[in-house]
Amino acid sequence: MNFIIHGAAGRMGGNLIASVEKSGHTVAACVDILYADAAKKNPDYPCFASIDACDVPADCIIDFSNHVTTIPLLTYATEKKIPVMLATTGQTEEEKAAITAAADKIPLFRAANMSLGIATLVSLVKTAVCMFPDADIEIIEKHHNQKLDVPSGTALALADAVKAVREEAEFVVGRHENGKRRKEEVGVHSLRLGGVVGEHEVIITTGNETISLKHEAHSRAVFADGGVMAAAYVAAQTVPGLYTMEDLVAACR
């Protein structure tokens, strides 16, 4: 399959191109507002400063750029009828509405974390929470000391996985007050340390036994590998809609 890499000048863009080449797919074009950097780093591929300027056909657009490009990117994709793999986060309400509208017209894959390991972790968390309905649950996430958002989007996705099974769950972010733990409480804790790429752990304990489900990313390349697999998956879909990592995991069963 042929992929347009949207956000090709950065480190993640380089990881994506390497992952596409490794997987046997093809880079159709590179797009980045930093056109000179993208062209210098990727001399073997057509490069464009904006998605609107791109005139190369492709099977899917892979976007790891920035949420501010969401609307122009999806406008282009819907006009060209090209599926999109969207890995940006932090969308405004207007941008979220654009995503919903685009999914009515094209296959659109969206996930806050493109790690296949995290997708597997989410699935395991749902199973474990279902098996132990009265257990205490805590979520701990660790990232590098330059990360801006707290908790991480992935920690929130794990919390949502818990709530999908345990509707009464109430999230307590960074417990900071005295008092006994409430039955419905699910703690979410954030650590910011050095250059940690990303660690997420869900601890489930009944008092008699404890299950610890943990994922650790050693390199940002894991997100590129997951993004390329997701792009190949959504490019193969013939029905418009909003696809997620849960759909990809289900397709692998």
For residues 77-85, which side-chain N or O atoms pair as donor and acceptor with protein atoms under 3.5 Å away, sequence neighbours left out?
unit_1, atom_1, unit_2, atom_2, d
T78, OG1, L74, O, 2.9
T78, OG1, T75, O, 3.0

- Query: Donor-acceptor pair, T206 side chain versus N208 backbone, under 3.5 Å?
  - Reply: yes

- Treat each ILVMFWY residue as a node, draw an edge where side-chain heavy atoms are under 4.5 Å apart, and state whether I51 and V20 are in one component. no

- One should read off an interatomic distance between F109 CZ and C60 SG, to the nearest 0.5 angstrom, of 10.0 Å

- Item | Separation between OG1 of T89 and CG of N66, rounded to the nearest 0.5 Å | 8.5 Å

- Are any non-hydrogen side-chain atoms of I61 and L73 less than 4.5 angstrom apart? yes

- Taking C-beta and beyond as the side chain, do T244 and R110 meet within less than 4.5 Å on heavy atoms? no

- Item | Residues that N145 engages under side chain to side chain donor-acceptor pair (under 3.5 Å), provided they are two or more places apart | none

- Task: State which residues pass salt bridge (Lys or Arg N to Asp or Glu O under 4.0 Å) with E177; sequence neighbours excluded, sorted by chain then number.
- Result: none

- Message: Let me check something: do I62 and L248 share a hydrophobic cluster, defined by ILVMFWY side-chain heavy atoms less than 4.5 Å apart, either directly or through other members?
- Response: yes

- Answer yes if the side chains of H67 and T88 hold a donor-acceptor pair under 3.5 Å, and no otherwise. no

- How would you list, by chain and number, every residue that makes a ring-ring contact (aromatic ring centres under 6.0 Å, His included) with F3, sequence neighbours excluded? H25

- How about I33: does its CD1 atom have over 12 heavy atoms from other parts shown lying under 6.0 Å from it? no

- hydrophobic_cluster_shared for L86 and V228, side chain cutoff 4.5 Å: no

- Heavy-atom donor-acceptor pair, D59 side chain to N2 backbone, under 3.5 Å: yes

- Message: List the residues meeting side chain to side chain contact (heavy atoms under 4.5 Å, CB included) with Y45, not counting sequence neighbours, and say none if there are none.
- Response: I17, E21, V27, C30, N42

- State whether the number of non-hydrogen atoms from other residues, nucleotides or ligands found under 6.0 Å of K147 atom NZ is greater than 12. yes

- Item | Single-linkage hydrophobic cluster, 4.5 Å side-chain cutoff, Y35 and F64 together | no

- Can you find a pair of side-chain heavy atoms, one from S190 and one from V150, that are under 4.5 Å apart? yes

- Kindly say whether P133 contributes a backbone atom to a donor-acceptor pair with the side chain of R166 at under 3.5 angstrom? yes

- Item | Residue pair V222 / L116, side-chain heavy-atom distance below 4.5 Å | no

- Query: So V162 and V125, side-chain contact (heavy atoms from CB on, under 4.5 Å) or not? Walk me through it.
  - Reply: CA-CA 7 Å; V162 172; V125 166; 3.9 Å; yes

Which side-chain N or O atoms in residues 196-203 pair as donor and acceptor under 3.5 Å with protein atoms at least two apart or in another chain?
unit_1, atom_1, unit_2, atom_2, d
H200, NE2, S152, OG, 3.1
E201, OE2, S212, OG, 2.3

- Sequence neighbours excluded, which residues qualify as side chain to side chain contact (heavy atoms under 4.5 Å, CB included) partners of A164? K126

- Message: Show every salt bridge (Lys or Arg N to Asp or Glu O under 4.0 Å) that has at least one partner inside residues 32-48, sequence neighbours left out.
- Response: none

- Query: Taking atom CD of E94 as the centre, does the number of heavy atoms from other residues, nucleotides or ligands within less than 6.0 Å exceed 12?
  - Reply: no

- Message: When you compare the side chain of I4 with that of F48, does any pair of heavy atoms fall below 4.5 Å?
- Response: no

- Message: Tell me which pairs pass ring-ring contact (aromatic ring centres under 6.0 Å, His included) where either residue lies in residues 144-195, with sequence neighbours left out.
- Response: none

- Item | Full working for side-chain contact (heavy atoms from CB on, under 4.5 Å) between L108 and Y243 | CA-CA 6 Å; L108 197 161; Y243 296 86; 5.9 Å; no

- Assess whether atom CE of M229 is packed by more than 12 heavy atoms of other residues, nucleotides or ligands within 6.0 Å. no

- Got a sec, which residues hit side chain to side chain contact (heavy atoms under 4.5 Å, CB included) with V172, two or more places apart in sequence or on another chain? R175, R182, E185

- Any side-chain heavy atom of V31 sitting closer than 4.5 Å to one from I5? no

- Note on the structure: Hits for side chain to side chain donor-acceptor pair (under 3.5 Å) against S219, two or more places apart or cross-chain, chain-then-number order -> none

- Item | ILVMFWY network linking V165 to I118, side-chain heavy atoms under 4.5 angstrom | yes

- Note on the structure: Across all chains, not counting sequence neighbours, the side chain to side chain contact (heavy atoms under 4.5 Å, CB included) partners of D136 are R181, T205

- Message: Regarding S65 and D63, do their side chains bring together a donor and an acceptor under 3.5 Å, going by distance alone?
- Response: yes

- Is there a donor-acceptor pair under 3.5 Å between the side chain of S123 and the backbone N or O of A119? no

- Query: Atom CG of D247 and atom CE of M245: how far apart are they, to the nearest 0.5 Å?
  - Reply: 10.5 Å

- Item | Side-chain heavy-atom pair E141, L158 within 4.5 angstrom cut-off | no

- Item | Non-hydrogen side-chain atoms of V129 and I137 separated by less than 4.5 Å | yes

